[in-house]
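Notes follow the structure.
Along the sequence shown, residues carry numbers from 1. All ligand and atom numbering here is 1-based and tracks the order in the structure.
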Amino acid sequence: MNFPATRMRRLRRTEAMRSLVRETHLHPGALINPLFICPGEGIRKEITSMPGVFNLSVDEAVKEAEVCVGLGIGGLLLFGLPAEKDEQGSGAWDTDGIVQTALRAFKRNRALDSLVQIVDVCLCEYTSHGHCGVVARDGDHYEIENDSSIALLAKVAVSLAGAGADIVGPSDMLDGRVGAIREALDEGGHQQIPVMSYASKFSSAFYGPFREAADSAPQFGDRRSYQMDGANLREAMREIDQDIAEGADMLLMKPAMPYLDVVRAARERYDLPMGAYQVSGEYSMLHAAFQRGWLEPERTMMESLLSIRRAGADFIVTYFAKDAAKVLG
Ligand code: PBG
């Protein structure tokens, strides 16, 4: 089987040949486009650190969603920037909250039926302190309370399902939230709504630009007491085991490129549908290099997405969704 009997280059000679033997494919239906919805009308405000990504008012978000339909994109992941924040993040479960309002507008527009409406279930965009749960303070010391927070997250999930979300995606990384959400959804008559758990979410510096986009940076401390330590692969598997036991229907791995080994390990171990989130920092660093002319935009973008698919993700949440769908045509 050695050279010269075997010549690997025989199958690389032409694009037709390469296409025939290609092992991994991308398609627009497996891309999910995140949207950041803000109050107001006619608003389309670009995020400084994320070229091509905007805070959109509901009317503009509807237009953006129509563009996504035209490109064959599979779904949207919705984040909200509420007009006001408070200690508990009550805007997150407000019937007239920002994402609830957007969902109702999307659901009224039958042209958007081909998009799966996924919602991020978290409190950090809605709390005045920017943490993903309730903060208990004792002098200088603070704790993110677990069990009172997951009760609130369950309320958020029910509220969003009631407004028309197709899938709820808890991204907080508190313990027991998938079970709490599943139970609350079932009690609220939403037995058919799947939970996509951000089961393996690391405490990552790559979320930096998102926190500008969603105005959700913690006002003190960091998220290391709830998001995972980037050093731990075995712990990621235990997190996933727990979420499956609590009723998760799908998994989301995050970030993507710095954690492709974790994506691969999860793919080999679990049969649930699994996505990976190419997060804001992954997008921004590539764009920074594109702006300097240091990397070729289209090829680099497609290679970054292909690597995530090859690692085992069925679908990809990415700020490149529209650009990549255009290339895939
Ligand atoms: C909310 C949430 C975050 C992201 C998705 N959901 C921020 C965070 O955990 O700090 C990050 C997404 C990105 O960076 O693109 N908890």
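No heavy atom of Y283 sits closer than 4.0 Å to any atom of ligand 1. Assignment of M173 to the shell around ligand 1 is not supported, since no heavy atom sits closer than 4.0 Å. Not a single heavy atom of E282 lies less than 4.0 angstrom from ligand 1.
Against a heavy-atom cut-off of under 4.0 Å, Y277 is close to the following atoms of ligand 1: 12 (C), 15 (O). Ligand 1 places these atoms under 4.0 Å from at least one heavy atom of C124: 1 (C), 16 (N). Taking every heavy atom of K254 and a limit of under 4.0 angstrom, the matching atoms of ligand 1 come to 2 (C), 3 (C), 4 (C), 5 (C), 6 (N), 11 (C), 12 (C). Atoms of ligand 1 lying under 4.0 Å from any heavy atom of R223, numbered from 1 in the order shown and given with element: 8 (C), 9 (O), 10 (O). Distances below 4.0 Å separate heavy atoms of F79 from the following atoms of ligand 1: 5 (C), 6 (N). Interface of D120 with ligand 1, defined as ligand atoms under 4.0 Å from a residue heavy atom, comprises 1 (C), 6 (N).
Ring pair F79/F36 is parallel by interplanar angle, where below 30° counts as parallel and above 60° as perpendicular. Ring geometry for Y319 versus Y277: interplanar angle of 30 to 60°, hence tilted.
Transitive grouping of hydrophobic side chains (ILVMFWY, heavy atoms separated by less than 4.5 Å) keeps L251 and I193 in distinct clusters.
Taking the centre and axis of the six-membered ring of Y207, the NZ or CZ atom of K201 falls inside the cone set by 45° and 6.0 Å. Relative to the ring axis of Y142, R137 does not place its NZ or CZ within 45° and under 6.0 Å from the centre.
Backbone and side-chain nitrogen or oxygen atoms of E125 are examined, and none is located within less than 3.5 angstrom of a nitrogen or oxygen of ligand 1. Remark: ligand 1 and S216 share no N or O pair separated by less than 3.5 Å (distance only, no angle test).
Between D229 and R224 no salt bridge is recorded (no basic side-chain N to carboxylate O distance below 4.0 Å).
Counting heavy atoms closer than 4.0 Å to ligand 1, residue S171 contributes atoms from both its backbone and its side chain.
Side-chain contact of D86 with S128: a donor-acceptor pair under 3.5 Å is absent, judged by distance alone.
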